[in-house]
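Report on the structure given below.
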Protein chains: 2
Amino acid sequence: MNTNARSNRKQDIRQERETLILRAAEKVFAEAGFGGATMQLIADMAGLPKANLHYYFPTKEALYRQVVQNIFQIWLHAADVFDSADGPAEGIGAYIDAKMEISRTHTDGSKVWASEVMHGAPVIQDYLETTLAEWTDGRIKVIQRWIDQGRMAPVNPRHLLYMLWATTQHYADFGHQIETLNKGKPLNRAQWAEAKASVKQIILAGIGITRDTAA
Amino acid sequence: MNTNARSNRKQDIRQERETLILRAAEKVFAEAGFGGATMQLIADMAGLPKANLHYYFPTKEALYRQVVQNIFQIWLHAADVFDSADGPAEGIGAYIDAKMEISRTHTDGSKVWASEVMHGAPVIQDYLETTLAEWTDGRIKVIQRWIDQGRMAPVNPRHLLYMLWATTQHYADFGHQIETLNKGKPLNRAQWAEAKASVKQIILAGIGITRDTAA
DNA sequence: CCACAACCTGACCATATGGTCAAGAAAAAT
DNA sequence: ATTTTTCTTGACCATATGGTCAGGTTGTGG
């Protein structure tokens, strides 16, 4: 019927089902971990029979791998703002904003990622060794250049990066703890803004940026 | 035979076996998560038959709970240095040192704790609501006092605490990632010192402490 | 309208897992 | 020496889980 113009039904369904399953899987993996998650649980969450999951994703591990890869992409892309920045105040400030936003909007994915790494990165070790290693080296150079240009205090760029990752991810991975300490309620809009501002304030001051071109 | 003087054999064995099992359990739970860990795996790690574990710990969950509670105690005690400090430079500096040390020496426990919280704290929710909440409120007051006294920059104490937790825990929870980015090798003594120094430098500078009574 | 391919799913299976238990070994108490 | 208590463990069980599959349904191309 259609050569190319109108996308066919089957493809639509495939796409739709896959993302539906992935979303459900992300949630279940985040809540229960890989070992604690069951295909049945994911199926129920997605409102599909279990056998259907296995039609789209051959094994639990394949499904999990896809979830992890997806969040990794998002995670890496957050760094785009980093590169297009003029200097440390803008670059690092924007990066914090971006990563905090990911923690807020992709909480489940962040947890899955954290869980994966915590357990020795069994399925994405190669990504860590290649893509992430290169990415990290690149940003370290950028930061080092800023330091050499006297645009920020001389700190260890690598550990600064770790601190950025740690601090921003914390709001996702330990979100439950934060919520509990917030009288059991999730942070509201104002509180998220306060969190972002605090993180930026301390870190930017920590690297010797007072208030120049700060975003 | 013995009334009290010499501790009896049975008690010794009980103590010994329990800690042996707990140590093995901590490792396995850290590596595989609660769901991925199996009693058989823990038994093998401890070099005991599985049925023996069930003699000392009735269920997998009971064993897990004990592991989590143990690390929580260690975690809380790290704050002792915080209280006995004269001011922010010493207090926060020492706290960072203490928590970094925990990350280095109790990596497995830290991961178990992180995992527990990430999955919604199913077994230690009450601790979060009571002990941890009180602890946090107490430290916030201390920090606030320091701010009021003009001994550090006016930052949000709560988010400062979160940052301290996040940054220091990161070196345990994401240790695998850090190791991978360190050419696959664990941080050596000098690198750990560098990490500690970097964290302290950035955070202390971030809260407006240049170099007074810094530890 | 037909043949073909893609999609769906209830029923099923092999395996792994948490947990039990009974029978015995080791130590303590009497 | 004997009774009692604590500890040990191989064998066992009920259940849950990841995964399969055959037969059926739905959409697609001709």
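Every chain is numbered from 1, with letters handed out A, B, ... down the list of sequences.
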Does the side chain of [X] pick up a donor-acceptor pair with the side chain of [Y] at under 3.5 Å?
X         : Y         : value
Gln125(B) : His176(A) : yes
Trp165(A) : Tyr95(A)  : yes
Glu101(B) : Trp192(B) : no
Gln177(A) : Tyr162(B) : no
Gln73(A)  : Gln69(A)  : no

| Straight-line distance of Met100(A) CE to Thr105(A) OG1, nearest 0.5 Å |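 Rounded to the nearest 0.5 Å, the CE-OG1 separation comes to 11.5 Å.
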
For atom [atom1] of [X] and atom [atom2] of [N], their distance in whole Å:
X        : N       : atom1 : atom2 : answer
Asp44(B) : dT9(D)  : CG    : C1'   : 14 Å
Leu53(A) : dT20(D) : CG    : C1'   : 14 Å
Glu18(A) : dA6(C)  : CD    : P     : 14 Å
Asn52(A) : dT20(D) : CG    : C1'   : 14 Å
Arg17(A) : dC7(C)  : CZ    : C1'   : 9 Å

| message | Quick check on Lys196(B): does its NZ atom have over 12 non-hydrogen neighbours (other residues, nucleotides or ligands) under 6.0 Å away? | response |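 Correct, the count exceeds 12.
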
| field | Lys60(B) atom NZ, over 12 foreign heavy atoms within 6.0 Å | value |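 Check passes, neighbour count above 12.
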
| said: Taking Watson-Crick (N1-N3 plus N6-O4 or O6-N4) and G-U wobble (N1-O2, O6-N3), each under 3.5 Å, can you produce the dot-bracket string of DNA chain D? Use [ ] for crossing pairs and | for inter-strand ones. | reply: ||||||||||||||||||||||||||||||

So, is [X] close to the [N] phosphate, meaning a side-chain N or O under 4.0 Å from OP1 or OP2?
X        : N      : answer
Tyr55(A) : dC7(C) : yes
Arg14(A) : dC7(C) : yes
Tyr56(A) : dC8(C) : yes

| request: Go along nucleotides 12-24 of chain C 5' to 3' and tag each nucleotide: B for a protein heavy atom under 4.0 Å from its base, S when only backbone or sugar atoms are that close, - otherwise. | output: -----SBBBB---

| task | Using a strict cut-off of less than 4.0 Å between a Lys/Arg side-chain nitrogen and an Asp/Glu carboxylate oxygen, indicate whether Arg23(B) and Asp108(B) qualify as a salt bridge. | result | no

